[in-house]
Asker: 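Have a look at this one.
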There are 2 protein chains.
Amino acid sequence: MRQEDIDRVRALRLFRDVADETFETLLRASFLQRFPRGLTLIRESEPADFLHVVIEGAVEMFAAGNGRETTISLVHPIGAFILAAVLKDQVNLQSARTLEPSQILMIPAVSVRQAMERDPAFMSAIVAELATGYRTVVKDLKNQKLRTGAERLANWLLRQEKERGAGGKVEIDVEKRTLAALLGMTPENLSRALATLKQHGVAVRGAQIEINERDRLVRFAHPDPLIDDYDI
Amino acid sequence: MRQEDIDRVRALRLFRDVADETFETLLRASFLQRFPRGLTLIRESEPADFLHVVIEGAVEMFAAGNGRETTISLVHPIGAFILAAVLKDQVNLQSARTLEPSQILMIPAVSVRQAMERDPAFMSAIVAELATGYRTVVKDLKNQKLRTGAERLANWLLRQEKERGAGGKVEIDVEKRTLAALLGMTPENLSRALATLKQHGVAVRGAQIEINERDRLVRFAHPDPLIDDYDI
DNA sequence: CGTGGGGTTGATACAGTTCAAGATACGTGG
DNA sequence: CCACGTATCTTGAACTGTATCAACCCCACG
């Protein structure tokens, strides 16, 4: 593992303030692995043996049921997943697959739980991480229950623009089918939702989106800090 | 506060293993209050000043947006709510109102955070509580995204029967409008969903439900432990 | 070139909401 | 104790939102 990557992991909120010893112990027990695109890393209903940290690439968290399948979230570098299952020593509620060739740090669940018991700073960081994650899912649930598909898309675009966009330009950097599943709709419906947004200040050319009239899109989307702001 | 109630709070997973001193400090700083039915205890977007524990009665957690409103969860004795907001010293993402005359223990947020810093056992309990809560919301999200309204109702009935029911009899112990909001549908739709279930082994008389042919209902509901089991 | 996967578009069906009216239950005051 | 008024629940009809199925387009890749 390159020192640069180690530093980036160390900078994660989860590890930032832990003792050097804790961090080194965790790292020594871990595996850094490369995976090709499209590989299923973990499967729901299987035990959570490792805490996963995405160093490079992108991972899709998804769940199946009733013959249907839906995406719960996307994890980008540097982000961790299935922390809750690891802590509870329980089975995964979600599956995970790589969306791109990815580099994943796998920390044994036992090590995580031991480190937590030994290092109060680590436990404290875990509390913060869990509380944030909890609130994120509550926001997702509100998003799903209170909005139509087109509204979810509009707000997703506005958030992308704020976080990553430049001058009203947003690129959809995942397959549209994946975005559709994340937004809780079918790919067909996403196409139509994008078409709808053309009447609300948005220009669409493939995966390149341009928000020409931000205020009109905002009027349609009704963004709500209690759903759309990450840092609340 | 009656000793009996104190003991019941002490028995909560959140407090079970904390030091006596921690528990007493928290209690001394707290208020125990009675509220009439229908009172809004906390409002979303307002700061989370107290951790709330339902001693008696019932509380509905809900959220508004887009002119719509939806129920996130119901809290019964003995259960705590808005822990995550309290820990992050942030605003509430949900509002709370009493569904019945209720008795609520209000623990100042500052006290909770201080106690957490001082008592590792308390922090450890908080980690468990947050991890469980996180997984509960993920299940709710899957429930919402992977199932139709009638399926959610069917699975809700099956769970009620398992937890509280006797011999296939289930009583809907909240207003149906509230249940509808919890299940993510309109009251009209809940009526129709109940009517639908009559074709799948269920008898309905007002709020009294009877599951006559459990296997038929199960065949319709497709229950999934990764969504419907509380203890996973 | 063909071939295949992702994406779009159209037609149709289903799920869910809305609005309106009627039925039922329930608390209150006479 | 009954009658009334009110809120909840149910039912019906029309409408919106979403899914499904099928055809077609487009581009990347062998």
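We use all heavy atoms of the structure for the numbers below, so side chains are in, but hydrogens, waters and symmetry mates are not. We name chains A, B, ... by the order of the sequence lines, and we start the count at 1 in each one.
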Asker: If you define the side chain from C-beta out and look only at heavy atoms, does anything of B:Val59 sit under 4.5 Å from B:Leu99?
Answerer: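 Not touching, per the 4.5 Å side-chain cut-off.
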
Asker: Rounding to an integer number of Å, can you tell me how far B:Lys176 NZ sits from D:dT10 C1'?
Answerer: 9 Å

Asker: I need the CG-P distance between A:Leu190 and D:dA19, as an integer number of Å.
Answerer: 11 Å

Asker: Just checking, is any N or O donor in the side chain of A:Thr186 or A:Arg177 under 3.5 Å from an acceptor N or O on the other one?
Answerer: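 Result is no, nothing qualifies.
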
Asker: Separation of A:Arg37 atom CZ from C:dG5 atom C1', in whole Å?
Answerer: 11 Å

Asker: Please report the C-alpha distance between A:Lys88 and B:Asp231 in whole Å, then the side-chain angles of each, then the deciding distance to 0.1 Å, and finally whether the salt bridge (charged side-chain N to carboxylate O under 4.0 Å, His left out) criterion is met.
Answerer: CA-CA 11 Å; A:Lys88 292 199 71 180; B:Asp231 51 355; over 6 Å; no

Asker: Please enumerate all residues that pass ring-ring contact (aromatic ring centres under 6.0 Å, His included) together with B:Phe81, with sequence neighbours excluded.
Answerer: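 In terms of ring-ring contact (aromatic ring centres under 6.0 Å, His included), with neighbours along the sequence ignored, B:Phe81 is linked to B:His52.
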
Asker: A:Asn66 CG to D:dT20 P: how many Å, rounded?
Answerer: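 Value for this atom pair: 11 Å.
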
Asker: Rounded off to whole Å, could you give me the CD-to-C1' distance for the A:Gln144 and C:dG16 pair?
Answerer: 14 Å

Asker: If you measure from the Lys or Arg side-chain nitrogens to the Asp or Glu carboxylate oxygens, is any gap between B:Glu161 and B:Arg214 under 4.0 Å?
Answerer: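 Yes, charged N to carboxylate O under 4.0 Å.
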
Asker: Pick base, sugar-phosphate or nothing for B:Gly149, based on heavy-atom distances below 4.0 Å to the nucleic acid.
Answerer: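 Sugar-phosphate contact only.
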
Asker: Under a plain distance cut-off of 3.5 Å, with no hydrogens placed, do A:Arg13 and A:Thr132 share a side-chain donor-acceptor pair?
Answerer: yes

Asker: Using a cut-off of 4.0 Å between protein heavy atoms and nucleotide atoms, how would you tag nucleotides 25-30 of chain D 5' to 3' with B, S and -?
Answerer: ------

Asker: How long is the line joining CD1 of B:Ile172 and P of C:dT24, in whole Å?
Answerer: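 Going from B:Ile172 (CD1) to C:dT24 (P), I get 18 Å.
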
Asker: Between D:dC9, C:dG6, C:dT8, which one does the side chain of A:Glu175 approach most closely?
Answerer: C:dG6

Asker: Any side-chain heavy atom of A:Arg8 within less than 4.5 Å of one from A:Pro77?
Answerer: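 A side-chain contact exists here, since the closest heavy-atom pair is under 4.5 Å.
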
Asker: Check the distance between D:dC9's C1' and B:Gln208's CD and give it to me in whole angstrom.
Answerer: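 Going from B:Gln208 (CD) to D:dC9 (C1'), I get 15 Å.
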
Asker: Can a donor-acceptor pair be found between the side chains of B:Thr71 and B:Glu60 at a distance below 3.5 Å?
Answerer: yes

Asker: Whole Å only: how far is the CZ atom of A:Arg147 from the C1' atom of D:dT16?
Answerer: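 One finds 19 Å between C1' of D:dT16 and CZ of A:Arg147, rounded.
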
Asker: Identify whether the distance between the nearest side-chain nitrogen and carboxylate oxygen of B:Arg68 and A:Glu151 falls below 4.0 Å.
Answerer: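 Between A:Glu151 and B:Arg68 there is a salt bridge, with a charged N closer than 4.0 Å to a carboxylate O.
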
Asker: Polar atoms only, N or O, under 3.5 Å: list the protein pairs with nucleotides 17-21 of chain C and their distances.
Answerer:
residue	atom	partner	partner atom	Å
C:dT17	OP2	B:Thr186	N	3.2
C:dT17	OP2	B:Thr186	OG1	3.4
C:dT17	OP2	B:Asn189	ND2	2.8
C:dT18	O4	B:Arg192	NH1	3.4
C:dC19	N4	B:Glu188	OE2	3.2

